[in-house]
Amino acid sequence: MLFISTTNLLSVLALASTLTGLVLADGPRSQCIVKLNATDGANCTSIAQQADVNLTTIQSLNPGVNCSGPLSSNDTLCTRQYTPKCTLNETATNQTCDGLASTYNLSTTDFVNYNDNVNGTCGNLTVGQTYCVSIDGCIPGNTGGFC
Ligand SMILES: *[C@@H]1O[C@H](CO)[C@@H](O)[C@H](O)[C@H]1NC(C)=O
Ligand SMILES: *[C@@H]1O[C@H](CO)[C@@H](O)[C@H](O)[C@H]1NC(C)=O
Ligand SMILES: *[C@@H]1O[C@H](CO)[C@@H](O)[C@H](O)[C@H]1NC(C)=O
Ligand SMILES: *[C@@H]1O[C@H](CO)[C@@H](O)[C@H](O)[C@H]1NC(C)=O
Ligand SMILES: *[C@@H]1O[C@H](CO)[C@@H](O)[C@H](O)[C@H]1NC(C)=O
Ligand SMILES: *[C@@H]1O[C@H](CO)[C@@H](O)[C@H](O)[C@H]1NC(C)=O
Ligand SMILES: *[C@@H]1O[C@H](CO)[C@@H](O)[C@H](O)[C@H]1NC(C)=O
Ligand SMILES: *[C@@H]1O[C@H](CO)[C@@H](O)[C@H](O)[C@H]1NC(C)=O
Ligand SMILES: *[C@@H]1O[C@H](CO)[C@@H](O)[C@H](O)[C@H]1NC(C)=O
Ligand SMILES: *[C@@H]1O[C@H](CO)[C@@H](O)[C@H](O)[C@H]1NC(C)=O
C-alpha cells in the first residue's frame with residue numbers, strides 16, 4: 001500500500017509546480033497600521049501593555065528595536081500590522097513592472113506593496129508568474145499606504 005505523508009505530499013506538489021513552471025503569487029506585504037511613540041522611561045513591556053498586545057508581538061513587529069532595556073524617546077514602535085488580501089491576480093506578460101501596474105492604475109510603490117516577491121524597485125518581475133494587482137479595502141486604524 002502506498003503511503004504518502006503530508007511532508008511527502010508537499011514535496012510532490014512543490015516538484016509538480018517546479019516542473020510546470022507554475023509559480024503562485026506571494027501576495028501583499030504586511031503593513032504596520034498602528035504605531036506608538038515611546039515616552040520617557042518606556043520599554044517594550046510598557047509599550048506592549050499600552051497597546052494590549054504581548055511582548056512577543058512587539059518584538060516580532062519591531063525587529064530592529066532592542067527590547068532588553070529602555071527605549072529611546074525617539075523610538076516609534078509598530079503595535080499592530082495587517083496583511084491585505086489579494087482580490088485579483090494577473091499573469092505578467094512583460095518583465096517590466098510598469099505595464100502591468102499602469103493597467104491597474106497602480107504606482108510602482110503600490111505594486112511592490114501588493115507583491116512580497118518583487119524587490120523594492122520592482123526590477124525582478126518574471127514573465128509567466130502571477131502577481132497581485134488588487135487588494136481588499138481599508139480597515140479601521142489603517143494608516144498604511146493603502147487608504
Ligand atoms: C509620533 O512621532 C511622530 C514623528 O516624530 C509624529 O509625527 C507623530 O505625530 C507622533 N505620534 C503621536 C501619537 O504622538
Ligand atoms: C502573543 O500574541 C499573539 C497574537 O495574539 C499570539 O498568537 C501568541 O501566541 C502570543 N504569544 C505569547 C508568548 O503569548
Ligand atoms: C520595563 O519597565 C518596567 C517599569 O516600567 C520594569 O519593571 C521592567 O523591568 C522593564 N523591563 C525591561 C526589560 O527593562
Ligand atoms: C540592548 O540593550 C542592552 C541594555 O541596554 C545592552 O546591554 C545590549 O548590548 C543591547 N543589545 C544590542 C544588540 O544592541
Ligand atoms: C531624537 O531625534 C532628534 C532629531 O532627530 C535628535 O536631535 C535627538 O538627539 C534624538 N534623541 C535621542 C535620545 O536619540
Ligand atoms: C491569488 O494567488 C494566491 C496564491 O496563489 C492565492 O492564494 C489567492 O487566493 C489568489 N487570489 C485571488 C483573488 O485569486
Ligand atoms: C515590455 O514593456 C516595455 C515598456 O512598456 C516595452 O518597451 C517592451 O518592448 C516590452 N517587452 C516585451 C518583450 O513585450
Ligand atoms: C484606471 O483609471 C482610468 C482613468 O481614471 C479609468 O478609466 C480606468 O477604468 C481605470 N482602470 C482600472 C483597472 O481601474
Ligand atoms: C525578487 O526580489 C525579491 C526581494 O529581494 C525576492 O524575494 C524575490 O525572490 C525575487 N524574485 C525573483 C523572481 O528573483
Ligand atoms: C531589483 O532586481 C533587479 C534585477 O535583479 C536589479 O537590477 C535591481 O537593482 C534590484 N533593485 C533593488 C532595489 O534591489
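First listed ligand is number 1; within each ligand, the first listed atom is number 1. Note that the numbering runs from 1 along the sequence shown for the chain. Below, all heavy atoms of this structure are taken into account, side chains as well, without hydrogens, waters or symmetry copies.
If you check the side chains of Ser68 and Asn66, you find a donor sitting under 3.5 Å from an acceptor.
Between Leu71 and Ser46, the closest side-chain pair of non-hydrogen atoms is not below 4.5 Å. Taking the side chain as every heavy atom from C-beta outward, Phe111 and Tyr104 never approach each other to under 4.5 Å.
Residues Thr103 and Gly99 come closest through the heavy atom pair OG1-O, 2.7 Å. Closest approach of Val53 to Thr79, counting heavy atoms only: CG1-O, 3.9 Å.
In the vicinity of Thr121, heavy-atom distances shorter than 4.0 Å reach the ligand 10 atoms 1 (C), 10 (C), 11 (N), 12 (C), 13 (C). Numbered from 1 in the order shown, with element, the atoms of ligand 7 that lie under 4.0 Å from a heavy atom of Thr96 read 1 (C), 2 (O), 3 (C).
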Discussion item. Please evaluate residues Thr96 and Asn94 with respect to the criterion side chain to side chain donor-acceptor pair (under 3.5 Å), reporting the C-alpha separation (whole Å), side-chain torsions for both, the decisive distance (0.1 Å), and the verdict.
Written reply: CA-CA 5 Å; Thr96 65; Asn94 187 314; 3.1 Å; yes

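Protein residues are said to neighbour a ligand when one of their heavy atoms lies under 4.0 Å from it; for ligand 4 these are Asn66, Ser68.
One distance of note links OG of Ser30 with CG of Leu61; it measures 9.0 Å at 0.5 Å rounding.
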